[in-house]
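This report refers to the structure that appears directly beneath it.
Along the sequence shown, the residues carry numbers beginning at 1.
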Amino acid sequence: MELLPCLLVFFLLHVPLACPAPSGIRATLTHVDSNGEFTASERYRRAMRRSQHRMDAIGEMLTVSGIDARATVHDGLGEYMMDLAIGTPALPFSAIMDTGSDLVWAQCQPCVECLPHSPLQYDPSNSSTYSASPCTDSYCTALPSTCTTACIYHYDYMDSSWTEGVLSTETFTFGSGDPIPDITFGCGYNNSFNTPFYSSGLVGLGPGSLSLVSQLGFGKFSYCLTSIDDLSSTGTLLLGSFADLKEPASAIRSTPLVADSYYFLDLRGISIGATLLPIPSDTFANNIFIDSGTTFTTLPRAALELVQQELRSVVDLPPANDIPWFDTCFQLKSGEVPQLPDMTFHFSGADMVLPMPNYMVVDMEAGVMCLAMNPSSDPVSIFGNFQQQNMHILYDVAGKTLSFAPAQCDKL
């Protein structure tokens with residue numbers, strides 16, 4: 001059956017058909033604070049609290065001894081939401097996009113412990129394309145679960161949040177794309193989150209078998225994130241064939257992904273302007289985790305102190321010492337913002353050049369500008385999404401490569 005007639009039958013009659021699989025997916029990304037009436041200072045404080053939760057979670061996740069905690073515990077806090085729809089007929093909702101976990105899940109009705117801010121009223125009994133996964137399903141055995149007639153999963157996050165429900169399959173629609181049947185997801189009847197969670201589910205984009213990118217066999221995805229200071233604009237998530245970088249070849253840089261379980265990069269050094277900072281070569285021995293869900297980059301204290309020291313030498317402003325959510329701030333004079341040199345992160349085989357708006361927060365309300373970085377919790381550092389803004393970033397999961405290029409993300 002040709003694609004157009006297939007989709008017409010699907011939409012008009014709600015008859016599930018084996019429509020041709022899409023070669024890619026495009027979805028819109030909005031910041032989690034875009035619907036709130038927050039001042040700039042409030043947004044930065046909220047982002048810092050989320051970053052701290054995320055950093056603590058990832059640090060614990062990678063240092064737990066004994067069993068491989070990465071198979072059972074995940075970070076799961078997020079910053080950007082994507083638009084999608086679930087079921088037949090389709091119910092639209094927003095879910096957190098998360099590169100730090102694998103499970104796709106949505107809140108289901110009737111929920112016992114419910115997300116307080118979720119508008120989604122998805123009852124699987126009302127969907128003609130819903131199916132509970134059997135105990136023999138390979139995805140069921142990949143999760144902590146109990147099974148008699150259906151696969152009951154329990155998925156923990158490191159801040160003691162969790163989701164629990166029935167592992168199932170359903171038809172999902174992403175953005176304005178075609179419906180995609182038989183995606184395995186968690187139908188969450190019990191969902192408990194200790195940090196503010198303003199969506200109705202989560203889409204895991206990690207490298208594990210349960211993630212959306214792995215289930216669909218695309219092998220790659222990309223995103224382009226707009227600024228936290230421009231909440232009226234939207235970013236873009238692209239999967240499969242849509243994920244190719246369209247920027248000029250001369251602007252694209254590539255570096256290896258150096259771990260199988262998470263998206264780690266090999267960071268070799270940092271420069272401010274033409275000055276390469278004297279960071280010891282073993283400082284980043286555990287490398288750095290690139291993450292969509294942490295706002296501000298965290299670095300080992302020894303490296304961060306050298307960044308702070310060099311920054312103080314090039315910024316001709318008095319320090320602002322009473323800003324609780326950042327370590328290094330400067331008092332603006334008459335509201336004028338000075339121009340600072342670029343900061344460069346030297347990854348293996350690729351330099352990522354950050355203009356000033358990608359590493360300095362300017363809070364005109366408080367009359368300060370601050371370095372958008374903080375000390376990390378050992379042993380892991382995180383390359384946050386503030387540093388990734390207006391950068392088109394491609395995860396070639398199959399090829400174990402991360403590529404990037406500067407972009408105007410609201411125009412992508």
Side-chain angles (χ1 to χ4, degrees), residues 21-31 74-76 78-85 94-105 172-180 182-185 199 201-226 234-247 252-265 289-294 347 350 352 382-385 387-407 409-412:
S23 62
I25 290 173
R26 181 185 182 98
T28 298
L29 297 175
T30 56
H31 195 272
H74 315 269
D75 59 61
E79 291 277 299
Y80 287 85
M81 298 185 297
M82 58 186 290
D83 296 329
L84 63 162
S94 294
I96 293 290
M97 174 197 77
D98 183 31
T99 58
S101 62
D102 297 325
L103 182 66
V104 178
W105 65 268
F172 283 78
T173 306
F174 298 89
S176 59
D178 304 330
I180 303 176
D182 299 326
I183 291 179
T184 295
F185 80 109
S199 70
L202 190 146
V203 175
L205 294 175
S209 63
L210 274 165
S211 77
L212 181 66
V213 67
S214 297
Q215 285 194 55
L216 297 179
F218 286 152
K220 61 182 178 179
F221 67 94
S222 70
Y223 55 70
C224 204
L225 306 177
T226 51
T234 57
T236 303
L237 171 68
L238 303 166
L239 292 91
S241 62
F242 294 176
D244 289 335
L245 298 183
K246 305 298 184 183
E247 290 72 26
I252 298 173
R253 300 290 183 269
S254 298
T255 187
L257 292 166
V258 296
D260 293 329
S261 299
Y262 296 97
Y263 298 125
F264 277 90
L265 305 175
F289 177 67
I290 182 168
D291 188 28
S292 67
T294 302
F347 296 108
M352 183 180 286
I382 304 171
F383 192 73
N385 62 56
Q387 279 63 48
Q388 301 172 48
Q389 62 188 348
N390 288 313
M391 192 81 66
H392 192 182
I393 298 180
L394 170 65
Y395 293 70
D396 183 349
V397 183
K400 296 185 178 181
T401 301
L402 183 121
S403 300
F404 52 87
C409 289
D410 61 344
K411 304 295 185 184
L412 193 65

Tell me if a side-chain donor or acceptor on Thr255 pairs with a main-chain N or O of Ala350 at a distance below 3.5 Å.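 Not at all, since once roles are kept as given, no pair shorter than 3.5 Å links the two residues.
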Taking Ser241 for its side chain and Ser23 for its backbone only, find out whether a donor-acceptor pair lies under 3.5 Å. yes
Could you please spell out the steps behind the side chain to side chain contact (heavy atoms under 4.5 Å, CB included) verdict for Val203 and Phe185? CA-CA 9 Å; Val203 175; Phe185 80 109; over 6 Å; no
To check you understand the geometry: which heavy-atom pair defines the closest contact between Thr184 and Val104, and what is its length? O-CB, 4.2 Å
So which atom in Phe221 and which in Leu237 form the shortest heavy-atom distance, rounded to 0.1 Å?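 Nearest heavy atoms, Phe221 then Leu237: CD1-CD1, 4.2 Å.
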Among residues at least two apart in sequence or on other chains, which ones pass side-chain contact (heavy atoms from CB on, under 4.5 Å) with [X]?
| X | answer |
| --- | --- |
| Ser94 | Met81, Asp83 |
| Thr236 | Arg26, Leu238, Leu412 |
| Gln389 | Ser227, Asn358, Phe386 |
| Phe218 | Ile25, Val213, Leu216, Leu239 |

Once you round to the nearest 0.5 Å, how far does [atom1] of [X] lie from [atom2] of [Y]?
| X | Y | atom1 | atom2 | answer |
| --- | --- | --- | --- | --- |
| Leu402 | Met352 | CG | CE | 6.5 Å |
| Asp178 | Thr173 | CG | OG1 | 8.5 Å |
| Asp291 | Asn385 | CG | CG | 7.5 Å |
| Leu394 | Leu245 | CG | CG | 4.5 Å |
| Met391 | Glu247 | CE | CD | 10.0 Å |
| Ile183 | Gln215 | CD1 | CD | 6.5 Å |

Taking only residues two or more places apart in sequence or in another chain, which ones pass side-chain hydrogen bond (donor to acceptor under 3.5 Å, both in side chains) with [X]?
| X | result |
| --- | --- |
| Tyr395 | Tyr223 |
| Thr226 | none |
| Ser254 | Ser403 |
| Ser211 | Ser214 |

Under 6.0 Å between ring centres, would you say that holds for Phe347 and Phe383? yes
Pairs satisfying salt bridge (charged side-chain N to carboxylate O under 4.0 Å, His left out), at least one member in residues 390-403, at least two apart: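 Only Asp260-Lys400 qualify under salt bridge (charged side-chain N to carboxylate O under 4.0 Å, His left out).
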Could you name each residue pair satisfying salt bridge (charged side-chain N to carboxylate O under 4.0 Å, His left out) that touches residues 210-221, not counting sequence neighbours?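 Output for this query lists Lys220-Asp244.
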Are side-chain heavy atoms of Leu265 and Leu257 found at a separation under 4.5 Å?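 A side-chain contact exists here, since the closest heavy-atom pair is under 4.5 Å.
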For the residue pair Phe264 and Phe289, does the interplanar ring angle fall in the parallel (under 30°), tilted (30 to 60°) or perpendicular (over 60°) class?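 Phe264 and Phe289: tilted rings.
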Side chain to side chain contact (heavy atoms under 4.5 Å, CB included) between Asn390 and Cys409, worked out: CA-CA 5 Å; Asn390 288 313; Cys409 289; 3.7 Å; yes
Worked check of side chain to side chain contact (heavy atoms under 4.5 Å, CB included) between Leu212 and Leu205: CA-CA 6 Å; Leu212 181 66; Leu205 294 175; 4.2 Å; yes
Would you please name every residue forming a salt bridge (Lys or Arg N to Asp or Glu O under 4.0 Å) with Asp182, sequence neighbours left out?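 Scan of Asp182 (salt bridge (Lys or Arg N to Asp or Glu O under 4.0 Å), adjacent residues dropped) gives none.
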Between Gln388 and Phe404, does the side chain to side chain contact (heavy atoms under 4.5 Å, CB included) criterion hold? Intermediate values first, please. CA-CA 9 Å; Gln388 301 172 48; Phe404 52 87; over 6 Å; no
